[in-house]
S.K.: 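Please read through the structure below; I'll follow up with questions.
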Amino acid sequence: MRIGLVITLLFAAVGAHAADFGTADEAKAMLERAVTAIQQDKDKALRQFAAGEGGFKDRDLYPFCGGPDGMFTAHPTLTGKSLRDLKDKTGKALGEEIYATATEGKISEVSYMWPRPGETEPVQKITYVTKADDQVCAVGYYK
């Protein structure tokens, strides 16, 4: 009986931890909503993304975008900085890969190492990327 209780509590703790983070399906759905928002009103959408408003912030999920000049046009903390020059914690040029991968009308993936919010140890992060209007936009989730 005690072992069953311990196992139940362990699974509950693992499930609660997993609920703290967004899933692949949720990340992709948020990116699709972000593309629609850009198509309807790009300036308003970029403001919402940067501020985490309008349903564009869910746990560790949020859209970010970069303009044709390679600079972040929407990000919770990096707006105005270079997306194109961004490197992951292993030195991978993830900004360049995001720009090279993004294609209008298609969602693709870029994988890199990045710490979860509030942590310092990098883990694998998968980011869905696409192009909408003149924006390269993405939403990532942690594996």
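Side-chain atoms are counted along with the backbone in the values below, which use heavy atoms only and exclude waters and symmetry mates.
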S.K.: For Cys65 and Ile38, which heavy atoms make the closest approach, and how far apart are they?
M.R.: SG-CD1, 4.0 Å

S.K.: How long is the straight-line distance from CG of Asp134 back to NZ of Lys42, given to the nearest 0.5 Å?
M.R.: 3.5 Å

S.K.: Between Glu109 and Thr127, do the side chains contain a donor N or O and an acceptor N or O under 3.5 Å apart?
M.R.: no

S.K.: Between Gln39 and Asp133, is there a side-chain heavy-atom distance shorter than 4.5 Å?
M.R.: no

S.K.: Would you call Thr101 and Ser108 a side-chain contact if the rule is heavy atoms closer than 4.5 Å?
M.R.: yes

S.K.: Quick one: does any side-chain atom of Ser82 pair with a main-chain N or O of Asp85 as donor and acceptor, under 3.5 Å?
M.R.: yes

S.K.: In the single-linkage hydrophobic clustering (I, L, V, M, F, W, Y; side-chain heavy atoms under 4.5 Å), do Leu46 and Met30 co-cluster?
M.R.: yes

S.K.: Nearest 0.5 Å, what's the CE-OH distance between Met113 and Tyr142?
M.R.: 11.0 Å

S.K.: Identify the two heavy atoms, one from Tyr128 and one from Tyr141, that lie closest to each other, and give their separation to 0.1 Å.
M.R.: CE1-CE2, 3.7 Å

S.K.: Just do the ring-ring contact (aromatic ring centres under 6.0 Å, His included) check on Tyr62 and His75 with the steps written out, would you?
M.R.: CA-CA 8 Å; Tyr62 56 86; His75 187 280; 5.4 Å; yes

S.K.: Looking at Arg33 and Gly55, would you say the former's side chain and the latter's main chain have a donor-acceptor pair under 3.5 Å?
M.R.: yes

S.K.: Okay, side chain of Asp41, backbone of Lys44: is any donor-acceptor separation there less than 3.5 Å?
M.R.: yes

S.K.: Quick one: closest heavy-atom pair of Leu78 and Phe72, and the distance?
M.R.: O-CB, 3.3 Å

S.K.: Report the C-alpha separation of Asp88 and Thr90 in whole Å, then their side-chain angles, then the decisive distance to 0.1 Å, and conclude whether the side chain to side chain donor-acceptor pair (under 3.5 Å) test is met.
M.R.: CA-CA 5 Å; Asp88 79 356; Thr90 67; 2.7 Å; yes

S.K.: Would you kindly say whether Thr130 and Glu104 are connected by a side-chain donor-acceptor distance under 3.5 Å?
M.R.: no

S.K.: Indicate yes or no: at least one non-hydrogen side-chain atom of Gln124 is less than 4.5 angstrom from one of Ser111.
M.R.: yes

S.K.: Would you call Glu26 and Arg59 a salt bridge, using N to O less than 4.0 angstrom?
M.R.: yes

S.K.: Quick one, Arg84 and Glu96 - any side-chain contact, counting heavy atoms below 4.5 Å?
M.R.: yes

S.K.: Apply side-chain contact (heavy atoms from CB on, under 4.5 Å) to the pair Val129 and Cys137, showing each step before the final yes or no.
M.R.: CA-CA 6 Å; Val129 301; Cys137 293; over 6 Å; no

